[in-house]
There are 2 protein chains.
Amino acid sequence: MAKIKESSTNSINRKFLTDCNLTYAVQLMGGRWKLLILMQLNTERQRYGELKKKIANITERMLTLQLRELEADGLIARRVYAQVPPRVEYTLTDIGREIVPICDALHAWGTRHRSQVAGEVSTLSHESF
Amino acid sequence: MAKIKESSTNSINRKFLTDCNLTYAVQLMGGRWKLLILMQLNTERQRYGELKKKIANITERMLTLQLRELEADGLIARRVYAQVPPRVEYTLTDIGREIVPICDALHAWGTRHRSQVAGEVSTLSHESF
DNA sequence: GCCATTACTTACATTTTTGTATGTATCATA
DNA sequence: TATGATACATACAAAAATGTAAGTAATGGC
């Protein structure tokens with residue numbers, strides 16, 4: 001997300017993991033705010049300021065960085081209107097839209113996982129009395 | 001993966017993102033080597049040393065850390081045999097096994113994404129002559 | 001001329017993740 | 001008594017991700 005030292009083992013391992021299409025895919029969507037951005041854009045195309053409002057807690061710097069990466073990776077498209085003040089709209093690309101169902105599956109899995117953990121916790125607290 | 005400063009904005013945002021079941025799910029599988037470990041265990045249960053051999057480039061420290069987290073999150077199970085030298089086997093849990101099809105979908109998406117990018121590149125290099 | 005609006009950029013600090021190197025416990029066997 | 005095998009643990013260092021604070025450009029309206 002900033003400068004990267006290409007000679008480091010860390011960076012070498014990142015490249016190594018890019019060979020596998022699975023870990024490659026995770027690298028593309030792995031930034032902290034990326035999936036939230038994609039989900040927002042799945043609903044409808046949105047302006048920078050709208051994304052900022054809808055994604056609570058994100059800073060302008062982070063929003064910009066993640067948008068830039070998503071754009072560079074071809075998951076979203078950026079459209080600038082020649083206006084002042086500026087108007088910039090972001091949309092999902094075709095390949096970007098194709099991860100939405102995967103996100104839905106992940107969401108469902110996360111929900112199951114969480115409820116299972118909650119179940120175990122309540123079981124434990126139940127047993128401890 | 002190490003000590004976490006609970007008061008930092010960074011940590012607060014992590015917790016905030018845990019509220020969404022999608023980003024929650026990504027947090028559980030997001031470590032650099034976690035999906036490779038899960039895929040290895042999907043094939044069959046394996047010992048620590050086997051995982052180390054099969055996952056090229058991973059260090060013992062990283063393997064241990066990621067295994068610990070996966071275990072703490074309930075995605076894998078750890079079984080210790082009372083032997084010397086020690087024998088420890090890892091297996092997927094039920095909920096851990098449930099992300100395998102999602103990984104397959106991600107893998108397929110990654111493959112499509114990569115071939116599309118490659119296609120664009122060759123198009124560009126073609127046009128530039 | 002001054003201000004408001006929008007979508008950023010930049011320099012810097014902090015936090016987190018990842019990697020390096022070395023050490024540990026156990027016990028059968030040589 | 002020393003050695004080898006296995007699955008780690010620990011202190012430390014480096015790199016990367018994330019966050020903070022402030023500034024920028026363009027232009028219409030006051």
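Everything quoted here is computed from the prediction, not taken from an experiment. Residue numbers start from 1 in every chain, and the chains themselves are labelled A, B, ... in the order their sequence lines are given, proteins ahead of strands.
At C:dT18, none of the side-chain N or O atoms of A:Asn13 fall inside 4.0 Å of OP1 or OP2 (strictly under the cut-off). Neither OP1 nor OP2 of D:dG19 sits under 4.0 Å from any side-chain N or O of B:Arg14. Residue B:Arg87 has no polar side-chain atom (N or O) positioned under 4.0 Å from OP1 or OP2 of C:dC27. At D:dT20, one or more side-chain N or O atoms of B:Thr9 fall inside 4.0 Å of OP1 or OP2 (strictly under the cut-off). In this structure, B:Arg47 does not reach the D:dT6 phosphate: none of its side-chain N or O atoms is under 4.0 Å from OP1 or OP2. Between A:Tyr90 and C:dC8 there is a side-chain polar atom (N or O) within less than 4.0 angstrom of OP1 or OP2. For B:Thr59, no side-chain nitrogen or oxygen approaches OP1 or OP2 of C:dT20 to under 4.0 Å. Note on A:Arg78: every side-chain N or O is 4.0 Å or more away from OP1 and OP2 of C:dA7.
Each of A:Asn21, A:Leu75, A:Ile99 was checked for a side chain to side chain contact (heavy atoms under 4.5 Å, CB included) with B:His113, and the lone residue meeting it is A:Leu75.
Looking at which nucleotide of DNA chain C each of A:Leu67 and B:Pro86 is closest to, the 5′-most match is held by A:Leu67. The residue among B:Ile58 and A:Glu50 whose nearest nucleotide of DNA chain C lies closer to the 5′ end is A:Glu50. Nearest-nucleotide positions on DNA chain D for A:Asn57 and A:Val84 put A:Asn57 closer to the 5' end. Closest-nucleotide positions on DNA chain D for A:Glu60 and B:Val88 were compared, and the one nearer the 5' end corresponds to B:Val88.
A donor-acceptor pair under 3.5 Å links the side-chain atoms of B:Gln46 to the main chain of B:Gln40, judged by distance alone. Between the side chain of B:Thr23 and the backbone N or O of B:Thr18, no donor-acceptor pair lies under 3.5 Å.
Put simply, the side chain of B:Tyr90 does not reach to within 4.5 Å of the side chain of B:Leu70, judged on heavy atoms.
Applying the 3.5 Å distance criterion, the base of C:dT18 shares a donor-acceptor pair with the side chain of B:Arg61.
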